[in-house]
Amino acid sequence: MAEGLKPCPFCGGRATEARNIDGELHDIYCLRCKALVRFTDIQPKKTDTFGKTAEEWAAKWNRRADQ
């Protein structure tokens with residue numbers, strides 16, 4: 001999915017994803033400035049906040065404020 005991620009909203013660097021040993025997405029982060037969106041079980045109501053699928057999480061990373 002990393003090829004579908006927009007550049008970092010802070011520095012314009014390349015974004016990538018990290019997966020756990022089971023192949024589940026747990027981070028989307030910038031390779032340049034290290035800004036990240038983390039998806040872990042310790043976040044309350046993870047599915048309500050970030051979505052249920054990797055595609056929904058990528059959509060959150062890709063979202064930008066109106067210009």
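Each residue takes its place number in the sequence, starting with 1.
Checking side-chain atoms of Asn62 against main-chain N and O of Leu5 turns up no donor-acceptor pair under 3.5 Å. Judged by distance alone, with hydrogens and angles left aside, the side-chain atoms of Arg32 form a donor-acceptor pair with the main-chain N or O of Cys11 at under 3.5 Å. Here the side chain of Trp61 pairs no donor or acceptor atom with the backbone of Ile28 at under 3.5 angstrom.
For Pro7, the side chain to side chain contact (heavy atoms under 4.5 Å, CB included) criterion is met by no residue, not counting sequence neighbours.
Counting side-chain heavy-atom gaps under 4.5 Å among Ile, Leu, Val, Met, Phe, Trp and Tyr, the cluster of Tyr29 also holds Leu31, Leu36.
Taking the side chain as every heavy atom from C-beta outward, Arg64 and Pro9 approach each other to under 4.5 Å.
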